[in-house]
Amino acid sequence: MLVKKMSIKNFNSIHNLWKEAGLSIPEIQKEKEEAKLILRLNSSSSFEAYNKGKLAGTILGIFNGRRGWIYHLAVHPDFQKKGIGSLLLQKAEEALKKLGAKRILLWVRKDNLGVTNFYQKHGYFSVEDAIVLGKDLI
Ligand SMILES: CC(C)(COP(=O)(O)OP(=O)(O)OC[C@H]1O[C@@H](n2cnc3c(N)ncnc32)[C@H](O)[C@@H]1OP(=O)(O)O)[C@@H](O)C(=O)NCCC(=O)NCCS
């Protein structure tokens, strides 16, 4: 298993993997523009994993100066349940800690609640005293 910093050069394969893993994501051009900006700001904490030369998983670790956020943790269905998701999460956690994050937050969609089992095994808990609010600027 090879884990390396994520590069925008591989974005077509990355976007395919996200779709095949079932992430709910916009079409490639829109997502690529966002990914470019994310990687410019978070180059040390976003990773891709390769199994025998084939892209197997990704994670975006984002530090906003206060908290670390995890987005787009995804492992290709052919490679799930082999420890790749756990390895990517560990790499992003280490990198975010190094940047100064003391707590990591992440979203789990209500139609994907089963995955909380995975995160609980890695020490994540539901934040009971908060709800998420949003506002669209565009
Ligand atoms: C969630 C995900 C990244 C886990 O990656 P992975 O490489 O399969 O996980 P690992 O092999 O490191 O860990 C496996 C453990 O987590 C648990 N687990 C993994 N995926 C799970 C899921 N979708 N639901 C419940 N438990 C899960 C397993 O029970 C397993 O524990 P066990 O070994 O004791 O049985 C992967 O299943 C995935 O890409 N899912 C689709 C995309 C997604 O939902 N991403 C998260 C968005 S918030």
Side-chain angles (χ1 to χ4, degrees):
M1 181 67 45
L2 171 70
V3 177
K4 56 183 192 178
K5 303 264 167 63
M6 191 184 284
S7 163
I8 199 69
K9 280 190 244 151
N10 309 327
F11 192 74
N12 285 5
S13 313
I14 290 170
H15 192 263
N16 272 335
L17 183 146
W18 288 347
K19 279 196 295 190
E20 299 205 31
L23 294 188
S24 168
I25 48 163
E27 49 84 24
I28 186 159
Q29 210 41 50
K30 191 162 176 242
E31 190 74 354
K32 188 171 184 175
E33 288 312 306
E34 201 173 288
K36 265 189 202 159
L37 188 55
I38 289 172
L39 292 178
R40 184 145 60 80
L41 297 170
N42 301 276
S43 57
S44 68
S45 49
S46 300
F47 299 92
E48 40 190 309
Y50 286 82
N51 192 335
K52 294 182 185 147
K54 208 174 164 227
L55 181 65
T58 66
I59 191 163
L60 297 174
I62 292 175
F63 181 53
N64 67 10
R66 180 173 166 81
R67 301 291 186 219
W69 282 86
I70 297 291
Y71 288 94
H72 292 22
L73 173 57
V75 174
H76 190 282
D78 291 349
F79 299 111
Q80 288 180 4
K81 308 263 164 93
K82 295 179 194 300
I84 297 172
S86 301
L87 180 63
L88 285 165
L89 189 58
Q90 186 198 328
K91 294 285 287 181
E93 285 175 359
E94 285 168 5
L96 288 168
K97 190 172 176 190
K98 219 164 156 184
L99 289 170
K102 294 186 181 62
R103 175 178 279 192
I104 293 177
L105 300 169
L106 57 90
W107 299 76
V108 173
R109 289 172 60 100
K110 282 190 176 163
D111 59 7
N112 193 24
L113 284 181
V115 82
T116 50
N117 184 36
F118 167 82
Y119 288 115
Q120 278 165 354
K121 282 184 182 167
H122 291 285
Y124 289 74
F125 50 86
S126 171
V127 180
E128 302 291 354
D129 57 356
I131 60 162
V132 176
L133 299 182
K135 176 179 176 178
D136 291 330
L137 297 179
I138 299 173

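Order of listing sets the numbers, starting from 1, for every ligand and every atom in it. Just so it is clear, the model here is predicted, and its values are computed rather than measured.
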Check: [Y] main-chain N/O paired with [X] side-chain donor or acceptor under 3.5 Å:
| X | Y | result |
| --- | --- | --- |
| Asn64 | Arg67 | yes |
| Asn112 | Val108 | no |
| Glu48 | Ser7 | yes |

Mind checking whether Ile38 and Phe47 sit in one hydrophobic cluster, side chains of I, L, V, M, F, W, Y counted as touching below 4.5 Å?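 No, Ile38 and Phe47 fall in different hydrophobic clusters.
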Can you name the closest pair of heavy atoms from Ile8 and Leu39 and give their distance?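 Taking every non-hydrogen atom into account, N-CD1, 3.8 Å.
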List, ordered by chain and residue number, the protein residues whose closest non-hydrogen atom lies under 4.0 Å from any atom of ligand 1.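 These residues qualify: Ala21, Leu23, Leu73, Ala74, Val75, Gln80, Lys81, Lys82, Gly83, Ile84, Gly85, Ser86, Trp107, Asn112, Gly114, Val115, Asn117, Phe118, Tyr119, Lys121.
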Looking at Phe11, I'd like to know if the NZ or CZ of Lys32 sits under 6.0 Å from its six-membered ring centre while staying within 45 degrees of the ring's axis.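 No cation-pi geometry.
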